[in-house]
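A, B, ... follow the sequence lines: proteins, then strands. Residue 1 opens every chain.
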Number of protein chains: 2
Amino acid sequence: MRFVAVVELLPGVLDSQLQRDADVSHFEYYVLAMLSEAPNATLRMTALSLKTNATLPRLSHVIKRLESRGLVRRAPCPEDRRATNASLTEEGIVLVVATAPGHVRTVRENVINRLTEEQIGQLDAISDQLLRRLDPDNRMNPPA
Amino acid sequence: MRFVAVVELLPGVLDSQLQRDADVSHFEYYVLAMLSEAPNATLRMTALSLKTNATLPRLSHVIKRLESRGLVRRAPCPEDRRATNASLTEEGIVLVVATAPGHVRTVRENVINRLTEEQIGQLDAISDQLLRRLDPDNRMNPPA
DNA sequence: GCAGTTTAGTTGAAGCGTCAAGCATCGAGG
DNA sequence: CCTCGATGCTTGACGCTTCAACTAAACTGC
């Protein structure tokens with residue numbers, strides 16, 4: 001199916017733009033973006049891993065790298081001392097703010113602008129349908 | 001967009017099924033499948049890399065692994081001695097034949113069966129539209 | 001309270017993808 | 001022919017993801 005080809009190709013396109021513009025992978029950007037939307041730009045590791053569909057080890061490694069680049073800060077959670085809170089630093093916020101428009105534009109150029117209004121509606125309905133199975137608990141898109 | 005979530009999640013689903021059933025990644029399966037469709041189950045490395053949207057180094061590594069597992073055979077191309085022909089072995093053919101139905105079923109369960117006839121048509125038209133930009137030369141789907 | 005289990009997260013080793021460099025062959029120009 | 005650039009592919013090193021193993025803290029039942 002042609003759709004499979006789209007699924008194969010699209011991530012690469014999104015990745016290269018972010019790599020060029022901000023030297024982050026699409027996944028790293030997504031992590032930063034999820035943090036930036038959270039109250040106080042802070043989330044617990046587990047919550048963040050659910051939102052980003054990452055395994056905990058993966059997230060742990062990524063956060064360590066982002067921390068070493070000064071974009072994220074880790075602090076033990078006071079309420080549950082097993083847990084770790086990840087927060088955006090000032091620098092991290094700056095990066096997200098600076099990078100978001102370019103990223104949005106890339107999505108726009110590669111997806112939205114290629115389709116009619118009607119098709120966008122169709123695609124959204126189709127995606128919704130598919131997510132019922134791919135993400136039954138709606139982890140990736142909590143009713144923000 | 002919800003569509004982005006689909007693009008993130010779907011590859012993982014397809015991958016796990018193939019990993020479970022045949023101990024190959026989705027990409028490895030795709031390589032084997034492309035070979036199986038080619039005349040004489042043989043393709044030159046460059047042609048195969050275009051069809052699978054892989055860099056040549058990546059393909060080279062993958063083919064080496066598949067060869068070491070006895071699924072693929074490499075032979076220098078007689079017409080152009082720089083080139084390498086990759087072919088499916090008997091064993092490789094057996095794997096593709098044995099694995100294809102399960103893979104098709106997975107795609108069916110996760111995509112096709114979730115949508116109405118009408119939506120499938122819409123998705124195909126949308127994919128076609130998007131591929132005009134994502135794959136302008138139509139490398140991934142030569143008019144078979 | 002205290003053993004056993006569950007939850008939260010980190011770490012290190014192993015495997016795959018990417019990138020830069022390399023080698024061989026082909027083809028075009030003089 | 002012979003050189004020079006282009007083409008086809010391979011290789012090795014490095015980075016990221018995954019998996020298994022581990023530590024530590026929190027619940028649970030007795």
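- At a non-hydrogen distance threshold of 4.0 Å, Arg82(A), Ala83(A), Thr84(A) from residues 76-85 of chain A come into contact with DNA chain C.
- Residues passing the salt bridge (charged side-chain N to carboxylate O under 4.0 Å, His left out) test with Glu37(B): none are found, sequence neighbours excluded.
- Distance Leu66(B) CG to dG15(C) P: 15 Å, rounded to the nearest Å.
- Shown here is Arg108(A), whose CZ atom has no more than 12 heavy atoms of other residues, nucleotides or ligands within 6.0 Å.
- At whole-Å resolution of the value, CG in Leu43(B) and P in dG8(D) are 14 Å apart.
- Just one residue in the list Val97(B), Thr89(B), Val96(B) forms a side-chain contact (heavy atoms from CB on, under 4.5 Å) with Ile93(B), and that residue is Val97(B).
- Asp128(A) meets the salt bridge (charged side-chain N to carboxylate O under 4.0 Å, His left out) test with Arg132(A), Arg2(B); sequence neighbours excluded.
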| Nucleotide-resolved protein contact map, nucleotides 12-21 of chain D, B/S/- at heavy-atom distance under 4.0 Å | B---SBBBB-

Review item, side-chain donor-acceptor pairs of residues 67-76 of chain A, under 3.5 Å, at least two apart:
{"unit_1": "Glu67(A)", "atom_1": "OE1", "unit_2": "Arg74(A)", "atom_2": "NE", "d": "3.1"}
{"unit_1": "Glu67(A)", "atom_1": "OE1", "unit_2": "Arg74(A)", "atom_2": "NH2", "d": "3.3"}
{"unit_1": "Glu67(A)", "atom_1": "OE2", "unit_2": "Arg74(A)", "atom_2": "N", "d": "3.1"}
{"unit_1": "Ser68(A)", "atom_1": "OG", "unit_2": "Arg65(A)", "atom_2": "O", "d": "2.7"}
{"unit_1": "Arg69(A)", "atom_1": "NH1", "unit_2": "Asp23(A)", "atom_2": "O", "d": "3.2"}
{"unit_1": "Arg69(A)", "atom_1": "NH2", "unit_2": "Asp23(A)", "atom_2": "O", "d": "3.1"}

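- Once rounded to the nearest 0.5 Å, the distance linking CG of Leu9(A) with OG of Ser127(B) reads 11.0 Å.
- Nucleotide dC19(C) holds its P atom 16 Å from the CG atom of Leu59(B), rounded to whole Å.
- Atom CD in Gln19(A) sits about 17 Å away from atom P in dG17(C), given to the nearest Å.
- In this structure, Asp15(B) atom CG and dG15(C) atom C1' are separated by 14 Å, rounded to whole Å.
- Atom-to-atom, CG of Leu56(B) to C1' of dC23(C) comes out at 14 Å; the value is rounded to the nearest Å.
- Donor-acceptor pairing under 3.5 Å is recorded for the side chains of His26(B) and Glu8(A).
- Evaluation of the salt bridge (charged side-chain N to carboxylate O under 4.0 Å, His left out) rule for Glu91(A) yields no partner, not counting sequence neighbours.
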